[in-house]
Each structure stands twice: as C-alpha cells, then as structure tokens.
Amino acid sequence: MKWLLFLFLFLTSCEDLDARTVVLWHAYRGDEEKALEQVARDFEKAHPGVRVEMLAVPFEAYLSKLESAAPRGHGPDVFIDAHTRLGAYRQAKVTAEIPADVVDASAYDASTMDAVGKYGVPLSDKCVALYVNDALLPDPPKTLDALEHAKLPAGVFPLAYEADVAYYHAPLLAAFGGRVLGDDGSFAFDSEAGVLSLQRLQKMSREHVIPEEPNGPLVTQLFVSGKAASVINGPWLRADLGTSLRYHVVPLPAVEGAGQMRPLLSVEAAMLTPHGSKNALATDFLRYLASREAALTLATIGHQVVARNDAWTEPSIANDAPLVAFHEAAKNAIATPVSARMQSAWVPTDEAIRKTLRGGDPRAALAESHRRFDDAVKPPPPPASPAPALVVLGLLLLFASWRIVQNTRIAEIRSSMPAYKYTAHAIVIVGVLVVLPLLAGAATSLFAGTRDDFRYVGFANYVAILTARGGALLGHGSFWLTLLVTVLWTVLNVAAHVSIGLLLGVILSRPVMRLRGVYRAALVLPWAVPSYVTALAWKGMFHRQFGAVNALLSTVGVEPISWFSRFSTSLTANVTTNVWLGFPFMMVVTLGALTSINKEVLEAAEVDGCTRWQRFWRVTLPLLRPALLPAVVLGAIWTFNMFNVVFLVSGGEPDGSTDILVSDAYRWAFTRDAQYGYAAAYAVLIFGLLWLMTRASAKISAEST
Amino acid sequence: MKKLEPFLAHLVVLIFVAFALYPVLWVLSVALSGAGLASHGGVIPIPHGVTLDNARAVVGVGKPGGVELFARQLTSSIVVSLGTAIVGVVIATPAAYALARFQFFGARAAERGLLATQMFPAVASAVPLYLILDALHLLDTRLGLVLVYASTAVPFAIFQLRGSFQTIPVDLEEAAMVDGATRFQAFVRVVLPAARPAIAVTALFCFMAAWNEFILAATLLSRESAFTLPVVLQRYVGEHDAAWGPFAAGAILVSAPVMIFFYIVQKQLVAGLTAGGVKG
C-alpha cells in the first residue's frame, strides 16, 4: 500500500509559484520559442528577482485553455497570439487594455497598430510570399501568366500552394480587388471579384499549373524535391528547407488584367489578461517586449518578421534576404479582419473554393456559400421567458419523484445496503466528474448567442435544428440528412469492427496457433499509435495524385480515384480508417471474453459432431454474448459520436456530405463563432436519439431471447 | 481440409497484420525522413535519407535541459495513465460486482445512467469540468487529471467487468462463503482472480483512454514538466504548418510503452486461457 501513497503524493505535487513572476503563454516552437526564451532571460537579467514563467500550449488547445483559465484568474499574465483572434478574446473577456505608455505607436506601421488596437503589443508579421527555386526559375516571373508559362522540365509544377484553403486563396482574390469579409461583416467573397478569382483558379487547376489536392506537407515536399518551381508559403516554411536547396523569396506575382496578389496579414502580438493587468511586472515585461532590443532578439534568433520598423536598420537583420522579403510582403498585405465574424467566414469560403476546384460553377458555389454564411451568423433568437422550461423541469421532477415514491420500499433499500457499499464511490466520482459537466452542457442548450451575448432562448435551438433552420428537411447539412449519414456510418463501422474482431479473436485464441503473441502485438498497433497521427497518414494515403491507395490500385489497373470528391468514396475512406482504428479493440475484448468460456462445452459440442461453423454460431457466440454485448453497444455509441476520424480524414468533404451529427455540433461550436448553445442542443438531441435506440434494441433483444 | 486449416488461419491473420501495419509504416517512414521530406507517392513507404534527427528532436537532444524535460513528461504520462488504469479498475470492479451479483434498489437506473453518460458528446463540458476541478483544488494536478480520465473510463469498465463476472459461476463464491469467508473476501480471493483476463482488458482500456488524450490534459495542466506526451506532440502542429517529421517520430515513440504494457496484459489473456482458472 505504501507505493500507492507515494503515487498519491506524486500526483498531487505542485510547486508554489513565486510572487514575483510573470506568467507567459505562447504556442511557439523551434527557433521562435528559443528567441522568446532569450527575451525572457534578458528581461530577468534587467530585473533581478523577477521570473518569467513560460508555458508552451499546443495551438489546438490554446483558445479553449485561455477561455477556461483567464476569466478565473488562473491564466497567464501575458500571452502571445495572432491579432486575428482578438475579436474572440475580447468577447470572452480574456484581454485587458494595455497601458498607453507601453507601446510607441510611431515605431510601427499604422496598419499594424490598427490591427491590434489597444489590446496588443505587436511583435511580428506573418503573411505569405513566393518561394522560388533558383535552379528552376533563375529569373523569378513578375506575373502569374509568366509563371504559368515558364519553361520547366516535365513533371515539374510551376506553382504549388494550398489552393483549396481560404487563407491561401485570399491573395488571388485580392488581386481582383475582392475580399472575404466586408467592412460591414458581410460575406464579400460572393462578388464579381470572387467569381473572377475562382475562374482563374479553375484554369490553373485544369491546366495542371498547380497540383491536385495540395495539402501542406505535399506543397513542402514538392518544393524540397524540386517538383514545384515555386510555392506560396509563409516564413514558417524556412525551417523545413534545410541548406542544400537554393531559393529566393519574392513578392507574390501580379495577375495580368488585374492587380498585384496581396496576402492576408496576421500580426502576432503580446496580449494582457485582466488578471495580468493587476501585475505591475507584467506591464514591465510588455514594455520590454515592445523594445527594439527584444525585436532584435526575435529577428536574429527566431527569424521573425518583427513589426518594429527601426529593427530593420540593424545590419544582421537587413542582410537576411528572405526575412527582408517577408517584411516587404507584409507592407503590401491586407490585415485579416479582427471581427469574430471572420471565424464564420473561413469554412463557407473553403467550400466554395473546393466546389470550384472539382469543376463546379463559381457563381453558384459562391451564392450557396453566401447563403450558408448568412445562415451561420443569423442573429440569435430573442430572449425567451424561462417559464416553459421551468414548467417542463418541474413536471419532470414531479414525475421522477412520483416514480421514486411509488417504487420505493424502505425494506428494499435496507436490504440493498450491502450493494451500495460496493457502488457508492463509483456513483460519487461519475456523478461529480461526468454527470455534472454533462448536465451543465445540456443546460447550455437553452442559451444562444456568442460569448459576450449569451442569452436564454428556451427551446429555440431545438426548434431550429429539427426544422433544418427553415430549409428543406433533407437539404444540405440538415439534421435529418446528417442523421441518415450518421446511422449509415455507425452500421458500417460496427459491423466491420465486430466481424473482424471476432474473426481474429477466435483464430488467435486457438492454443495450436503459432506466433500468436507476435500476431496479437502487431494487430494491436492501430490502437497503440495515436489516432491524430494515423488518421492524417490515412488521409495522405487517399490522396488522388500521390496517395498509396491509388498507387496500389493502379498495380491492378484501376484508374486513380478522387476519393474526397464523391460521397460514396469519401465515406469509404472514412470508414476504412475507422475500421482500421477500431478492430483491435474488439479483438482484445473478444480475446478477453473467450478466456471465460468453458472449454468443456466446446469439446462436448465437437464430440457431438457439430461442424466448426455450427459450433461458432450455436455455442461460442451465445456464450460470448454477455461479455461482448456491452462492448458492441458502447462501440456503436462511440462510433456514432466519433468525430475525430471524420474531421481529420474527409473533413466532411465533399461539401459537408460525410459529416456526422457530432462533427456538425463541433462545427457550430468551433468554426461558426462559438455558438456553444446550438452545439449543446445538437449534443442533447444526439443523446436522446441514442437513448431511444438503445432502449429499442434492448427491448428487441429481450424479446428474441 | 483439416491440413489446410492452419495455413488458412495464418493467411487470414497475415492479411490483417498487413492492413494494420501498412499505415504505421508510412508514419514510420515520415519519422525517419529528413526535414521537409514527407513520404509521398509509390506503394512502398521508403524514408528519404534515413535519419534519427526527428526522434532526437522529440526527446529534446540539443536543447538545454530538453532531455530531462522529456523524461519528466514521459514519467508524467506513464504516471497519469497507470494511475488512470489503477483508479479506474479499483472504482469499477466492486461496482461491477454489485451489478452482477446483487439485486438492489436502483440497479437498473444505475445501469441505464452509466450507459447514458457515454451517449452525450462532450461538446460543451470542458468548461464545467474546469470549474469543478477548480472548486476541488485539483486544477493543475495529476491527481485531478487521473480522476477525470478514470471517471470517463469507469462506465465502460463497469459494463465490461460486469459481463465477465456474470460468466463466472456463483458456486465458486458460495463454496468460499460456506467455508467461512465473508462476501467481500470471496469477491477478492475468488472472483477477482477468476476475472483476471477481463480486468487486464479493462486496465488496458483505461490506460489507453489516458495515454492518447491531449485536449483535457492541455487545458487542465499548466506546468510544462507535468504535460503528458500527447500535449508535447501536439505542439508540433501549429496554426499554419506542422513539423510532420517530429510529429510522426513522436507518435512512434509514444506507442512503444503501450506495446510494452499490452505485452504484459496479453500474458494475462494467455494465462486465463491455459490455466483454465474458470472451471464450473
């Protein structure tokens, strides 16, 4: 027992923070992190006795961690993020105004100061520019047309970039004078400029100027291996290029008949939390971050395109050609809108671009995306009176207490006491850490609006979901259509999981089987390797041009398949990935369950002359049932709510058709400007559906046995 | 036909082994490739310019204090995951036993309630969880994280164990109780050993629930040395780009301890098979 005590002490151990500290959060890695560490150390040197406590938080968890911690005073004093999320941060009340004397506005471009306003100390600019391979394009073309027609060896793409992502399409859009979001917060992409930019993109794709399905790693690899003469990318690409490749960074080309391509700019800034604004040291640290000295450190060690203009007179920085090129590019860039509405604009923009790349009509695609954007940002329903919900709640409580009173017999409870001793701790811990948060989540579903305007709306969210927001009941993205997809998804997966798991479990449990241990270990690999990595590996394998699946198929003469352009193939890709991820679990459960089967029964069946097949169906399976059933039921429930694979593999492609209910819920919470109430209503409906389904299946299986 | 059977069995298993390994080989080839050279194209995953640089970067070689930090994070991961396995099994076993053996008031409601907790997608429960742990002063402690993971794994663990307890003949305990053991003693000394394979599977499940999770770990922990490995790995994915090499190398490194843990658990499965501990 002693070691349990040690474990407990180790688990609860927590260092006490010094009072004279500044807590700093960031999402940097590599050289940028090193540079920031150096800045912190220099500050500590100048302020003896003060410590800068740094924490690197993964980007993926950054916003949610800040939103949870900062309003409760647990967060950092200072944090670093792009200005593009300032809108969300201000809504969530995690930022405070920075004292006016900290930043010398004259040291920055006016557009930089506009971007961060009173809420950030601008550190560096991030935008894309054109990387050009010196050997392939010794004379970098000034226009897109010249680039397209550059003389290149066969099999080399003139240009590669993530064309199907809004952020990377924005420069082309800007060349035609268009923007994604208007000043009034409208969907400005749906415009003549938008149509022209998409037509231009369609042309480049059709003529194979750019590769198909160009994702980040592919773009990098094509450039590194000399298969793309130029790429549109940001300063972050430099770390991947090594020293052997000769390249230049130049401004984005102009588009003939239109203007210069202009990238989106994000300004990385240090921001102050409300809790940090009470810490005088945090203000001192911000003042140091704003200094030229700190900017020099960030530029020399971190290779950052620092925002302070007077840093660029320093020879060591002025001689860093790619860095200077990005500094120039930033001057020509358009600051990404701060408005929280921008968060709702990315996805419809992506959707329109992808439809066009698949050969769709740009005008129709834009109109549809426009409709979806307007739908997503529709003002929340008017506040409602809580009376109806309270009445329903009261009735439910009344009904529950009536049931309890009716069913309770004191004697029965007394006789149940021994059982409660075995269950009490489980009830307490599950109650506090599982049920309570879920109830809180469920209660959220009665509210609507975004972070700063969260209001009680009664059952309006449910009504909106169930009526498909006023659209066709089986129209795009409607609850009912998505439900059908989700059911199909679940049935396919569970059927495959269970049959493969049973098959392998039964084979691998036979004592005569050689190499059982090795096989078992190999087969459990898909479960062991983190799914957020392997799901991405699968996505890469399903790439049309460079994926292993099409390469395998081509060896038997199958034409390359564009997996994510049709519902059926896209769903196949998702299901394949999820079957791969899930069968080891069912296999392990089967192996565990098989151990408890009485061998004598099986032997008796064999003596009685049953065939292997009969033995499996009539003896093994019924005996496995009690141990296997919970895994199957829970497996079905988990699959129903398995948003990870859908998100990472198809991402809902084509056009959201392979989304399942839970990935829709996540979209409302995370890509449509934090409509948590609406997402929670989805969650409650999913819960209700699953509840009905399991009750029904329990009834059916009870009747059949 | 009889002679063909072992051959067929191996063939079927080998097909699935290939299916299981193939994507992992792609991850491995990315992990071993040089900077910027993710594997693309072709049928056979071949790393470009085999190097261990990515693995070195992950474990913090070349960064002052990096290796030590990684070692602490690895320890943190193992402690949290083992803690989750232990706490999960310790909580679930008696409850599952009660559900399998006792008729008691509220048993059906408890069962349905447990199942219900698995149905609700956790879209909006991260913030409430944060508040609860804050109130319990368990924020930023590994114990808090262990309790959160264990409590989410407990419902499945209970169902799994209850199913296995039901297949164990009641006579075993009754015989022990006739010999003078209390119910609890019979449970600990007779039922638990008989249910070893199921407990092993449950422990593995709880372990895995903790081992690969990163959103809650990143949200609830705020010290770098306490971060679990998935949080560390996730840092290689940025807003604009991802360092695929170290990311993949980290994934391979992270799965090694799981394989070791599975190997140990797997022996329990074999033990249950050959010892025939459950005779009626």
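Proteins come first, then strands; the chains are lettered A, B, ... in the order of their sequence lines, and each starts at number 1.
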Under 4.5 Å from any heavy atom of chain A, what part of [X] do you find: side chain, backbone, both or neither?
X: B:Tyr97; result: side chain
X: B:Arg162; result: neither
X: B:Leu233; result: side chain
X: B:Arg101; result: neither
X: B:Leu161; result: neither
X: B:Val237; result: backbone
X: B:Leu14; result: side chain
X: B:Tyr236; result: both
X: B:Leu145; result: neither
X: B:Val231; result: both
X: B:Pro246; result: neither
X: B:Ala150; result: neither
X: B:Leu221; result: backbone
X: B:Glu239; result: both

Give, as side chain, backbone, both or neither, the part of [X] having an atom under 4.5 angstrom from any heavy atom of chain B.
X: A:Leu536; answer: side chain
X: A:Ala27; answer: neither
X: A:Val633; answer: side chain
X: A:Phe583; answer: side chain
X: A:Ser68; answer: both
X: A:Leu504; answer: side chain
X: A:Val529; answer: both
X: A:Ser554; answer: neither
X: A:Leu439; answer: neither
X: A:Ser445; answer: neither
X: A:Ala593; answer: neither
X: A:Trp580; answer: both

Where is the tightest heavy-atom contact between [X] and [Y], given as atom of each residue plus distance?
X: A:Leu433; Y: B:Ile132; answer: CD2-CG2, 4.1 Å
X: B:Phe105; Y: A:Tyr420; answer: O-OH, 2.6 Å
X: A:Ala521; Y: B:Met259; answer: O-CE, 3.0 Å
X: B:Ala20; Y: A:Pro526; answer: CB-CG, 3.7 Å
X: A:Ala419; Y: B:Ala98; answer: O-CB, 3.9 Å
X: B:Ser222; Y: A:Lys65; answer: OG-NZ, 2.9 Å

Less than 4.5 Å apart, side chain to side chain, heavy atoms only: is that true for [X] and [Y]?
X: A:Tyr167; Y: B:His240; value: yes
X: B:Phe120; Y: A:Ile686; value: no
X: B:Pro230; Y: A:Tyr532; value: yes
X: B:Ile91; Y: A:Val430; value: no
X: B:Phe19; Y: A:Leu523; value: no
X: A:Ile637; Y: B:Leu115; value: yes
X: B:Asn212; Y: A:Ser531; value: no
X: B:Leu129; Y: A:Pro437; value: yes

Heavy-atom pairs under 4.5 Å with chain A are the metric here; pick the option from [options] that has the most.
options: B:Phe156, B:Phe261, B:Phe227; result: B:Phe156
options: B:Leu114, B:Thr93, B:Leu131; result: B:Leu131
options: B:Gln166, B:Met208, B:Glu224, B:Gln160; result: B:Met208
options: B:Thr117, B:Val27, B:Leu216, B:Ile215; result: B:Thr117

Using a strict 4.0 Å threshold on nitrogen-to-oxygen distance, state whether B:Arg235 and A:Glu60 make a salt bridge.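 No, this pair does not count.
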Drop me the distance from [X]'s [atom1] to [Y]'s [atom2], to the nearest 0.5 angstrom.
X: A:Leu436; Y: B:Ser151; atom1: CG; atom2: OG; answer: 11.0 Å
X: B:Trp244; Y: A:Asp240; atom1: CH2; atom2: CG; answer: 11.0 Å
X: A:Thr534; Y: B:Trp26; atom1: OG1; atom2: CH2; answer: 15.5 Å
X: B:Arg112; Y: A:Arg695; atom1: CZ; atom2: CZ; answer: 3.5 Å
X: A:Leu634; Y: B:Gln118; atom1: CG; atom2: CD; answer: 5.5 Å

Options [options], ranked by heavy-atom pairs under 4.5 Å with chain B, top entry:
options: A:Glu33, A:Lys126, A:Met54; result: A:Glu33
options: A:Ile500, A:Val435, A:Asn233, A:Leu689; result: A:Ile500
options: A:Pro530, A:Gly677, A:Ala665; result: A:Pro530
options: A:Phe585, A:Phe687, A:Trp236; result: A:Trp236
options: A:Glu67, A:His74, A:Met417, A:Lys421; result: A:His74
options: A:Ala424, A:Gly517, A:Pro76; result: A:Gly517

Residues B:His10 and A:Tyr519: side-chain donor-acceptor under 3.5 angstrom: yes
On the 0 to 90° scale, with breaks at 30° and 60°, tag the A:Tyr422-B:Phe187 ring pair as parallel, tilted or perpendicular. perpendicular
What about the rings of A:Trp527 and B:Phe262, do their centers lie closer together than 6.0 Å? no
